[in-house]
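To start, the structure under review is shown below, and the notes come after it.
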Amino acid sequence: MINVIWKFVVKEEAVALFERAYGAGGDWAQLFSRHPGFAGTSLLRDTARPRTYLTIDTWESLAHRDAMLAAAKAEYAALDAQFEGWTESETEAGVFEVLRFR
């Protein structure tokens, strides 16, 4: 299992739109859910800085995510361009492997 984590600082006027598009049932999750291996999206808002968000997209494996990126390249780019003006900054924090200890 992997988690892809992004950090966003959202423009004040775009907060409601951002929350709808980037949340669990939003445009990104809908795109991802059409591809095998997608396990869900979480949207987190910073309590101290309410325009700062993290998204966590969970995939069964990096291979599943990479396959989606290849198969949905045009649609992914279109969504990215559509929502680009909503944020002051956008940073991929990384792709994190879920560790399981016994």
Side-chain angles (χ1 to χ4, degrees):
M1 202 61 87
I2 62 152
N3 289 302
V4 181
I5 301 175
W6 287 83
K7 179 182 178 181
F8 301 88
V9 177
V10 179
K11 294 178 181 176
E12 184 75 38
E13 65 273 14
V15 164
L17 294 169
F18 178 88
E19 289 179 358
R20 279 194 299 277
Y22 285 77
D27 297 85
W28 287 107
Q30 289 177 35
L31 168 63
F32 299 159
S33 69
R34 292 195 297 271
H35 298 272
F38 178 65
T41 291
S42 296
L43 178 63
L44 305 159
R45 183 177 55 224
D46 189 321
T47 59
R49 296 174 304 255
R51 292 187 306 110
T52 300
Y53 293 83
L54 294 178
T55 59
I56 303 172
D57 301 315
T58 304
W59 292 87
E60 289 179 18
S61 70
L62 186 56
H64 282 102
R65 186 207 184 216
D66 289 346
M68 177 280 300
L69 289 172
K73 186 175 183 175
E75 191 173 0
Y76 189 102
L79 281 180
D80 199 37
Q82 179 182 345
F83 304 143
E84 182 177 40
W86 294 357
T87 60
E88 294 174 8
S89 66
E90 174 181 341
T91 307
E92 184 178 23
V95 178
F96 297 84
E97 180 179 12
V98 176
L99 301 177
R100 305 215 186 271
F101 296 95
R102 296 181 182 189

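In what follows, residues are counted from 1 in the order of the sequence shown. The figures that follow rest on heavy atoms only: side chains count, while hydrogens, waters and symmetry mates do not.
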(message) Applying salt bridge (Lys or Arg N to Asp or Glu O under 4.0 Å), can you list everything that pairs with Glu90, at least two apart in sequence or on another chain?
(response) none
Distance-only donor-acceptor hits, side chain of residues 50-61, under 3.5 Å, sequence neighbours excluded:
unit_1 : atom_1 : unit_2 : atom_2 : d
Arg51  : NH1    : Val10  : O      : 2.6
Arg51  : NH1    : Glu88  : OE2    : 2.9
Tyr53  : OH     : Glu19  : OE2    : 2.5
Asp57  : OD1    : Thr41  : OG1    : 2.8
Thr58  : OG1    : Asn3   : OD1    : 2.6
Ser61  : OG     : Ala63  : N      : 3.4
Ser61  : OG     : His64  : N      : 3.1
Ser61  : OG     : His64  : ND1    : 2.7

(request) For the residue pair Val4 and Ile2, establish whether any side-chain heavy-atom pair is separated by less than 4.5 Å. (result) yes
(request) Enumerate the residue pairs fulfilling salt bridge (Lys or Arg N to Asp or Glu O under 4.0 Å) with a member in residues 1-10, sequence neighbours excluded, ordered by first and then second residue. (result) none
(request) Just grab all the salt bridge (Lys or Arg N to Asp or Glu O under 4.0 Å) pairs involving residues 91-101, residues at least two apart or on different chains. (result) Arg65-Glu92
(message) Is there a path of hydrophobic side-chain contacts, each under 4.5 Å between heavy atoms, that joins Leu62 and Ile5?
(response) no
(message) Going by side chain to side chain donor-acceptor pair (under 3.5 Å), name the pairs with one or both residues in residues 9-18, residues two or more places apart or in two chains.
(response) none
Can I get a per-line list of side-chain donor-acceptor pairs under 3.5 Å for residues 25-32, giving both atom names and the distance, sequence neighbours left out?
unit_1 : atom_1 : unit_2 : atom_2 : d
Trp28  : NE1    : Tyr22  : OH     : 3.4
Gln30  : NE2    : Gly25  : O      : 2.8

(request) Identify, with sequence neighbours excluded, every residue that meets side-chain hydrogen bond (donor to acceptor under 3.5 Å, both in side chains) alongside Arg49. (result) Asp46
(request) Starting from Leu99, walk the hydrophobic network (Ile, Leu, Val, Met, Phe, Trp, Tyr; side-chain heavy atoms closer than 4.5 Å) and list everyone else you reach, by chain and number. (result) Phe101
Quiz: residues 68-85 side-chain donor-acceptor pairs under 3.5 angstrom, not counting sequence neighbours:
unit_1 : atom_1 : unit_2 : atom_2 : d
Glu75  : OE1    : Arg34  : NH2    : 2.9
Glu75  : OE2    : Arg34  : NH2    : 2.4

(request) List in chain and number order the residues that pass ring pair (Phe, Tyr, Trp, His ring centres under 6.0 Å) with Phe96, two or more places apart in sequence or in another chain; answer none if no residue qualifies. (result) none
(message) Let's go through Phe8 and Thr91 carefully: what are the C-alpha distance in whole Å and the side-chain angles of both, what is the deciding distance for side chain to side chain contact (heavy atoms under 4.5 Å, CB included) to 0.1 Å, and is it a yes or a no?
(response) CA-CA 7 Å; Phe8 301 88; Thr91 307; over 6 Å; no
